[in-house]
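For reference, the structure is listed below as structure tokens.
Just so it is clear: chains get the letters A, B, ... in the order the sequence lines come, proteins before strands, and each one is counted from 1.
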Protein chains: 2
Amino acid sequence: MASIKEVAVAAGVSVSTVSRALNGYTDVREDTRKKIMDIAQELGYRPSQSARNLSSKRKENVAILISGLGSNSPVDEFTGNVLKGLNSYIQGKNMIIAMYGISSEMQANQKLSEFCREYSLSGVILAGLKLGDPYIEEIKHTDIPCVGIDIKLEGKMGASVLTNDIEAFREITNYTIEKGFSQLVLVKGKNEASVTHERYSGFKKALKDNGISDNSVDVLDCRFDENLAYKKVKAYIEKHKKNKGRAFVCMSDLMAVAAAKAIEDLGYSVNVDFIVTGFDGIQLLNYIRPRIATIDQNIVKKGYEGMRLLMRIIKGEDKPRTIYVKHKLIEGE
Amino acid sequence: MASIKEVAVAAGVSVSTVSRALNGYTDVREDTRKKIMDIAQELGYRPSQSARNLSSKRKENVAILISGLGSNSPVDEFTGNVLKGLNSYIQGKNMIIAMYGISSEMQANQKLSEFCREYSLSGVILAGLKLGDPYIEEIKHTDIPCVGIDIKLEGKMGASVLTNDIEAFREITNYTIEKGFSQLVLVKGKNEASVTHERYSGFKKALKDNGISDNSVDVLDCRFDENLAYKKVKAYIEKHKKNKGRAFVCMSDLMAVAAAKAIEDLGYSVNVDFIVTGFDGIQLLNYIRPRIATIDQNIVKKGYEGMRLLMRIIKGEDKPRTIYVKHKLIEGE
DNA sequence: CTGAAAGCGCTTACAG
DNA sequence: CTGAAAGCGCTTACAG
């Protein structure tokens with residue numbers, strides 16, 4: 001419960017001196033500082049962040065704003081992994097990061113800049129944003145540093161941490177073909193998601209790499225919906241048997257798992273009669289047999305890099321820019 | 001960027017009046033209030049929380065402190081589900097909750113009361129705490145409302161949201177027996193976890209319910225470790241074949257999944273040759289075939305109820321107490 | 001190297 | 001019903 005004043009009195013110095021000592025200013029005599037430190041420690045003194053925020057200009061408060069916690073969205077590992085990544089960055093750095101849930105509704109009611117002012121934030125990480133969310137547009141013209149995880153942010157203060165979806169999807173498609181399955185079926189995500197377009201573009205590059213013509217490939221539009229993927233893949237196989245597409249290249253792991261299930265439910269063997277590949281690298285795949293090949297996006301690393309970039313931007317050590325976190329191909333069996 | 005002063009000037013009233021109008025005090029003339037509201041809206045005014053925290057006594061700032069985000073812990077769904085629950089409570093309530101990651105190390109460095117003072121918190125939800133964490137002890141003597149999710153908090157300000165582990169485990173054990181498998185093998189969690197003891201006690205009640213003697217039951221100490229569970233269950237079956245324990249009653253879903261895998265790897269059929277049951281209700285089970293019976297703990301609900309209880313305690317509408325969130329038996333196939 | 005003083009943006013008795 | 005003023009706990013020029 002100690003305030004700076006109590007520390008000052010106990011140390012027999014002024015409040016200003018305590019403040020300077022505690023904040024690591026150099027113009028404090030060493031023994032004065034020592035005494036102040038000791039007393040602060042003893043009293044369990046902690047500066048009130050509210051008071052500090054109110055009086056100080058140069059502050060380094062950051063927060064992560066998480067969208068999509070709303071109750072209709074399925075809980076996935078994304079949030080936990082991002083948090084874990086942020087956390088690993090601040091470990092031992094004597095800093096703390098606040099997290100706030102932001103719904104699309106809330107974004108409509110309160111501008112990001114107002115939010116940051118209200119909570120004294122000097123920079124934010126944004127996770128879970130969807131194309132069309134109000135903040136995406138606002139960030140183009142804001143002057144507070146923003147780092148988007150898995151979402152491209154524009155404007156002079158907009159930075160991003162992304163997977164190179166084009167390269168990654170090209171890679172896994174090539175992997176599929178190398179495994180001897182060149183009659184491809186693309187199990188596609190929803191068009192509203194930017195990643196769908198990027199992965200699609202990577203897919204086409206892989207076709208070109210292998211001299212496969214676009215129109216020899218079937219596309220199942222499954223909108224990242226596992227039930228839809230199950231149905232469409234099942235129907236596809238029932239119709240063509242093993243005579244047409246034999247490789248289901250999926251834009252997400254969950255769709256891949258559904259596709260694999262469809263294959264098995266029809267009495268075929270995954271990775272033998274038909275190959276399936278995913279994208280994301282979710283935990284679930286570790287429990288599915290046979291193992292489905294995928295691209296691990298390394299979300300934890302994204303959290304870490306996002307945090308690191310944000311701090312560097314705030315301190316002026318770096319400029320807002322786009323970082324690509326290296327993905328990893330995980331082979332199937 | 002507007003401050004209360006600018007609103008006051010624009011409205012032609014004093015700062016005090018603006019403050020009272022915005023905070024819903026009744027002693028403001030209706031048209032004055034209306035004008036102030038309009039102008040505040042127009043200017044995009046938001047009160048600085050820092051200033052408010054500093055000047056006001058009766059504040060209702062709450063936060064969730066999450067332990068176990070440390071990088072060595074596996075990411076699971078727990079955190080995301082709790083957050084989702086909290087979030088569903090505050091939906092539309094015009095409030096926001098801050099989240100902070102707290103490691104055991106940090107707990108050792110900074111007392112909870114100091115933390116709350118530093119961040120102007122009037123109440124906290126604690127999630128992911130382990131037996132032996134420093135804050136558990138401190139809470140016994142603190143005077144700030146604390147709600148523990150899945151951890152029993154003591155002291156006059158300690159509240160808890162729990163599963164009735166004893167009843168739940170008794171229930172699933174009884175379910176197993178009803179399914180015709182009475183030669184039980186308990187796949188046990190680690191002794192350092194309080195839930196292990198409670199589930200064990202529920203297990204024994206079920207034995208008594210069915211007149212089964214304790215020493216006819218084998219216990220595999222697997223410490224909530226899936227690899228250990230896999231090994232021990234496999235060794236057990238290799239040794240006894242189908243001649244002894246036939247029902248692996250597991251204290252967690254992950255151990256149950258491992259047990260099921262061991263069974264299948266030995267060429268047996270899950271839920272036919274041997275039955276397996278879990279505990280938790282994790283998403284993964286929806287993807288494992290055949291479906292393993294389990295107890296769904298409803299973590300989302302726990303988050304919701306925890307938040308609700310905390311707010312009620314802060315407002316004086318309720319006393320710190322223990323809430324049990326109803327679990328649900330999910331049958332296997 | 002140190003202290004007195006102003007000020008950050010609010011809330012809240014108090015007076016009228 | 002409204003306003004002037006004190007105060008919350010800090011930081012930061014400024015003076016010495």
Worksheet item: Base, sugar-phosphate alone, or nothing: which one does B:Ser19 contact when heavy atoms must sit under 4.0 Å apart?
Response: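 Since a base atom lies under 4.0 Å of B:Ser19, the category is base.
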Is the number of heavy atoms from other residues, nucleotides or ligands under 6.0 Å of [X] [atom1] greater than 12?
X: B:Lys5; atom1: NZ; answer: no
X: A:Lys140; atom1: NZ; answer: yes
X: A:Gln41; atom1: CD; answer: no

Worksheet entry | DNA chain C contacts made by residues 8-18 of chain B, counting heavy atoms under 4.0 Å |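 Of all residues in residues 8-18 of chain B, the ones placing a heavy atom under 4.0 Å from DNA chain C are B:Val15, B:Ser16.
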Side chain to side chain contact (heavy atoms under 4.5 Å, CB included) involving [X] - partner list, sequence neighbours excluded:
X: A:Asn109; result: A:Glu105
X: B:Ala40; result: B:Val7, B:Leu22, B:Tyr45
X: B:Lys35; result: B:Ala11, B:Ile39

Discussion item. Strictly distance-based, threshold 3.5 Å: is any side-chain N or O of B:Asn164 a donor or acceptor partner for the main-chain N or O of B:Tyr324?
Written reply: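 Pair absent, no side-chain N/O of B:Asn164 close to backbone of B:Tyr324.
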Worksheet item: Does B:Lys130 have any side chain to side chain donor-acceptor pair (under 3.5 Å) partners at least two apart in sequence or in another chain, and if so, which?
Response: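 Once residues adjacent in sequence are excluded, B:Lys130 has no partner under the side chain to side chain donor-acceptor pair (under 3.5 Å) criterion.
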Practice prompt. Would you grab the first and last nucleotide of DNA chain D (5' to 3') that comes under 4.0 Å of any non-hydrogen atom in chain A?
Written response: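 Contacts span D:dG9 to D:dA13, reading 5' to 3'.
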Discussion item. Can you list everything that forms a salt bridge (charged side-chain N to carboxylate O under 4.0 Å, His left out) with A:Lys319? Sequence neighbours excluded, please.
Written reply: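 Once residues adjacent in sequence are excluded, A:Lys319 has no partner under the salt bridge (charged side-chain N to carboxylate O under 4.0 Å, His left out) criterion.
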Worksheet entry | salt bridge (charged side-chain N to carboxylate O under 4.0 Å, His left out): pairs with one or both residues in residues 143-154 of chain B, sequence neighbours excluded |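 Qualifying pairs, neighbours excluded: B:Asp150-B:Lys302.
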Fill in: All pairs passing ring pair (Phe, Tyr, Trp, His ring centres under 6.0 Å) where residues 110-130 of chain A contributes a residue, at least two apart
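Only A:Tyr100-A:Phe115, A:Tyr100-A:Tyr119, A:Phe115-A:Tyr119 qualify under ring pair (Phe, Tyr, Trp, His ring centres under 6.0 Å).
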Response to the item:
For DNA chain C, the expected dot-bracket line (Watson-Crick or G-U under 3.5 Å, [ ] crossing, | inter-strand) is |||.||||||||.|||
Item to complete: List in chain and number order the residues that pass ring-ring contact (aromatic ring centres under 6.0 Å, His included) with A:Tyr135, two or more places apart in sequence or in another chain; answer none if no residue qualifies.
Response: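 A:Tyr135 satisfies ring-ring contact (aromatic ring centres under 6.0 Å, His included) with no other residue.
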Worksheet item: Salt-bridged, A:Glu114 to A:Arg117, with N to O below 4.0 Å?
Response: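 Judged by the 4.0 Å cut-off on N to carboxylate O distance, A:Glu114 and A:Arg117 do not form a salt bridge.
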Worksheet item: More 5' along DNA chain C: B:Arg20 or B:Ser48, using each one's nearest nucleotide?
Response: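 Per heavy-atom nearest nucleotide, the more 5' residue is B:Ser48.
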Practice prompt. Scan residues 21-33 of chain A against DNA chain D and write down, sorted by residue number, each residue with any heavy atom closer than 4.0 Å; if none is found, say none.
Written response: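 Here the set is A:Asn23, A:Tyr25.
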